[in-house]
Amino acid sequence: MKYHQINSGLFVKNRRKFMAEMKPNSVAVFNSNDIYPVSADSTLPFAQHRDIFYLSGVDQEESVLLLFPDAPYEHQREILFLRETNDHIAVWEGEKLTKERAFQVSGIRTVYWLQDFHKVLNEMMTYADTMYINTNEHYRASVETETREARFVKWWKERYPAHNVAKSNPILQRLRSVKESEEIDLIQHACDITEKGFRRLLGFVKPNVTEYEIEAELAHEFIRNRSKGFAYTPIIASGNNANVLHYIENNQQCKDGDLILLDVAAEYANYSSDMTRTIPVSGRFTDRQKAVYNAVLKVKNEATKMLTPGTLWKQYHVEVGKIMTSELLGLGLIDKADVQNENPEWPAYKKYFMHGTSHHLGLDTHDYGLLHEPMKANMVFTVEPGIYIPAEKFGIRLEDNVVIQEKGEPFNLMRNIPIEADEIETLMNS
């Protein structure tokens with residue numbers, strides 16, 4: 001891994017929290033992700049399943065974590081299973097975790113090779129009444145590929161039909177949504193790498209540069225700072241491309257007078273940052289562009305203040321919609337009649353701002369979190385309003401990442417990344 005080793009104490013705490021929520025006499029199993037094939041002998045880069053990483057810190061394929069807090073013997077309460085390494089693997093694939101190294105990473109003392117998994121699990125099942133299976137219940141999930149976890153669940157249900165079944169995901173949704181201080185530090189580090197990439201761009205962008213050249217500059221800066229690269233597929237949308245919310249082609253030339261919407265951010269140690277900035281290709285906003293820009297910035301700043309403990313996600317978006325309506329009226333994009341005659345299910349402001357304002361952020365860019373439950377301190381959210389005007393061939397979105405505080409306004413993890421229009425112009429022309 002490129003990143004510095006994370007102190008195993010984080011994963012010890014995470015396991016302790018999860019096991020405290022388990023039913024008596026129950027077992028939970030978590031599997032790593034597969035390495036997915038492309039064609040012939042090609043594969044996609046490995047990306048670890050975030051749940052096993054959250055609970056163990058193990059960032060390696062063919063790994064399994066077993067938790068059994070009520071096991072009859074202490075050494076059976078936390079068990080890691082790893083693919084056995086050897087000299088051949090070391091030559092062809094590089095270093096894999098040894099048992100001792102796995103303990104240093106995870107804080108788990110009992111480590112077996114994967115070939116012993118079924119034998120050990122069978123013994124655990126003779127003691128246990130319930131199995132926690134780990135299914136993906138994220139509100140945005142749409143999974144067509146059968147995962148390693150899904151294959152395990154299918155096999156386990158056939159092998160142990162007499163046991164009770166419980167779900168890990170509701171526990172993880174709550175636990176992962178509230179960050180430990182170490183996790184906030186890792187997200188902050190990802191934001192700091194993102195800042196370096198953005199500042200690099202401000203001196204690079206000029207008329208006729210291409211979107212993919214901008215992508216390359218960012219990738220260079222992210223990777224040289226120990227990131228694997230982008231936390232998600234980058235959006236580098238110049239001109240009217242900004243009005244396509246998930247524009248990812250990044251293949252057009254940036255023309256003088258246009259704006260570039262940059263939804264780009266680095267990951268670090270599997271933790272995501274998520275930034276959006278909008279900058280002028282020429283280094284100067286037109287008066288109209290700046291007016292819209294400042295309206296979006298005002299909505300972002302006002303929305304941020306509402307992210308406090310006890311806030312409900314759905315009601316928060318209703319209130320943000322009221323602020324956006326006021327700004328759109330001021331810009332002349334909608335009028336009072338539009339508001340008076342609006343459909344409550346699709347308010348007038350949605351014509352120019354059609355997406356949500358905030359989502360959880362963490363190990364996943366759209367991280368775990370139960371949206372029907374009140375917000376809590378140490379949750380990390382994005383704040384990302386936008387105004388999209390196809391008729392004027394530009395769109396503006398601004399996005400920061402903030403930590404909800406016990407009292408007062410959220411703490412902005414992107415406080416050092418330029419966002420004021422005047423500052424961006426100054427930096428682009430310095």
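These numbers come from a predicted model, not from an experiment. Positions are given from 1 along the sequence.
Atom NZ of Lys154 has 12 or fewer neighbouring heavy atoms from other residues, nucleotides or ligands inside a 6.0 Å radius. In this structure, Phe103 places its CZ atom where more than 12 heavy-atom neighbours from other residues, nucleotides or ligands lie under 6.0 Å away. Enclosure of atom NE2 in His372 by more than 12 non-hydrogen atoms of other residues, nucleotides or ligands within 6.0 angstrom is indicated. Other residues, nucleotides and ligands place no more than 12 heavy atoms under 6.0 Å from the CD atom of Glu74. When the shell of 6.0 Å around NZ of Lys99 is examined, it contains more than 12 heavy atoms from other residues, nucleotides or ligands. Crowding of Glu137 atom CD: a count of heavy atoms from other residues, nucleotides or ligands under 6.0 Å exceeding 12. For Arg151, the CZ atom sits in a packed shell: over 12 heavy atoms of surrounding residues, nucleotides or ligands are nearer than 6.0 Å.
Across Gly57 and Val105, no two heavy atoms sit closer than the pair O-CG1, 3.3 Å. For the residue pair Phe381 and Ser358, the shortest heavy atom distance occurs at CD2-CB, 4.1 Å. Nearest heavy-atom pair, Pro234 versus Glu215, reported as atom, atom and distance to 0.1 Å: CG-OE2, 3.7 Å. Of all heavy-atom pairs between Leu331 and Ala295, the closest is CD1-CB, 3.8 Å. Across Pro309 and Glu406, no two heavy atoms sit closer than the pair CG-O, 3.8 Å. Closest approach of Asn7 to Gly9, counting heavy atoms only: OD1-N, 2.7 Å.
Remark: Lys13 NZ to Arg15 CZ distance equals 12.5 Å, nearest 0.5 Å. Taking CG of Asn241 as the reference point, atom CG of Leu259 lies at 12.0 Å (rounded to 0.5 Å). Atom CD1 of Ile235 is separated from atom CG of Leu262 by 10.0 Å, given to the nearest 0.5 angstrom. Rounding to the nearest 0.5 angstrom, the gap separating the NZ atom in Lys17 from the CG atom in Asn14 is 4.5 Å. One finds the CG atom of Leu328 at 10.0 Å from the CG atom of Asp338 (value rounded to the nearest 0.5 Å). In this structure, CG in Leu80 is found 11.0 Å from CG in Leu114, a value given to the nearest 0.5 Å.
Side-chain N/O atoms of Glu211 and Ser238 include a donor and acceptor closer than 3.5 Å. With no hydrogens or angles considered, no side-chain donor-acceptor pair links Asn416 and Glu195 at under 3.5 Å. No hydrogens or angles considered: nothing links the side chains of Glu409 and Gln405 as a donor-acceptor pair under 3.5 Å. Side-chain atoms of Gln48 and Asp59 include no donor-acceptor pair closer than 3.5 Å. With no hydrogens or angles considered, a side-chain donor-acceptor pair links Tyr368 and Asp51 at under 3.5 Å.
Side-chain N or O atoms of Glu384 include none that pairs as donor or acceptor with a backbone N or O of Thr357 at under 3.5 Å. Thr278 places a side-chain N or O within 3.5 Å of a backbone atom of Arg397 that can act as its donor or acceptor partner. Checking side-chain atoms of His359 against main-chain N and O of Thr382 turns up no donor-acceptor pair under 3.5 Å. The backbone N or O of Met414 sits less than 3.5 Å from a side-chain atom of Asn412, completing a donor-acceptor pair. Side-chain atoms of Thr130 never come within 3.5 Å of backbone atoms of Asn164 as a donor-acceptor pair (strictly under, hydrogens ignored). Side-chain atoms of Glu327 do not come within 3.5 Å of backbone N or O of Lys298 as any donor-acceptor pair. Of the possible donor and acceptor atoms, one in the side chain of Asn250 sits under 3.5 Å from a partner among the backbone N and O of Ile236. Although no hydrogens or angles enter the test, the distance criterion places no donor-acceptor pair under 3.5 Å between the side chain of Asn270 and the main chain of Leu363. Between the Asn33 side chain and the Ala47 main chain, a donor and an acceptor come within less than 3.5 Å of each other. Between the side chain of Ser326 and the main chain of Met324, no donor-acceptor pair closer than 3.5 Å is present.
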- [ ] I would like to know whether Asp364 and His138 meet side chain to side chain donor-acceptor pair (under 3.5 Å); could you show each step before the answer?
- [x] CA-CA 11 Å; Asp364 288 295; His138 188 274; over 6 Å; no
Open item on the list: Test salt bridge (charged side-chain N to carboxylate O under 4.0 Å, His left out) on Glu62 and Lys96; report intermediate values, then the result.
Closed with: CA-CA 11 Å; Glu62 295 185 64; Lys96 300 291 180 181; over 6 Å; no
Open item on the list: With salt bridge (charged side-chain N to carboxylate O under 4.0 Å, His left out) as the criterion, how do Arg16 and Glu78 come out once you've worked through the C-alpha distance, each side chain's angles and the decisive distance to 0.1 Å?
Closed with: CA-CA 10 Å; Arg16 189 179 298 133; Glu78 299 180 342; over 6 Å; no
- [ ] Start with the C-alpha distance between Gln104 and Gln5, add both sets of side-chain angles, then the distance that settles side chain to side chain donor-acceptor pair (under 3.5 Å), and finish with yes or no.
- [x] CA-CA 9 Å; Gln104 293 171 5; Gln5 182 176 325; 5.3 Å; no
- [ ] Let me see the working for Glu319 and Lys322 under salt bridge (charged side-chain N to carboxylate O under 4.0 Å, His left out), right down to the final yes or no.
- [x] CA-CA 5 Å; Glu319 296 303 315; Lys322 294 176 183 177; 3.2 Å; yes
Task: side chain to side chain donor-acceptor pair (under 3.5 Å) evaluation trace for Asp263 with Tyr232 - done: CA-CA 9 Å; Asp263 193 336; Tyr232 49 90; 2.6 Å; yes
Open item on the list: Test salt bridge (charged side-chain N to carboxylate O under 4.0 Å, His left out) on Asp400 and Arg277; report intermediate values, then the result.
Closed with: CA-CA 9 Å; Asp400 281 337; Arg277 293 293 187 268; 2.8 Å; yes
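Ring pair Phe230/Phe222 is perpendicular by interplanar angle, where above 60° counts as perpendicular and below 30° as parallel. Taking the six-membered ring where tryptophan is involved, the planes of His355 and Phe353 are perpendicular, since the angle between them exceeds 60° and thus also 30°.
Each of Leu371, Thr311, Thr308 was checked for a side chain to side chain contact (heavy atoms under 4.5 Å, CB included) with Tyr316, and the lone residue meeting it is Thr311. Only one option out of Lys179, Arg140, Arg50 pairs with Asp367 in a salt bridge (charged side-chain N to carboxylate O under 4.0 Å, His left out); it is Lys179. Across Arg200, Arg199, Lys196, a single residue satisfies side-chain hydrogen bond (donor to acceptor under 3.5 Å, both in side chains) together with Glu221, and that is Arg200.
Side-chain contact between Glu373 and Arg174 is present, with heavy atoms from C-beta onward closer than 4.5 Å.
The side-chain contact (heavy atoms from CB on, under 4.5 Å) search around Pro390 returns Asn240, Asn243, not counting sequence neighbours. Legend: residues meeting ring pair (Phe, Tyr, Trp, His ring centres under 6.0 Å) with His163, ordered by chain and number and at least two apart, are Tyr160. Contacts of Phe11 classified as ring pair (Phe, Tyr, Trp, His ring centres under 6.0 Å), with partners at least two apart in sequence or in another chain: Phe53.
Residues Phe18 and Phe30 bring their aromatic ring centres within 6.0 Å.
Between Asp129 and Lys23 there is no salt bridge, since no side-chain nitrogen of the basic residue lies less than 4.0 Å from a carboxylate oxygen of the acidic one.
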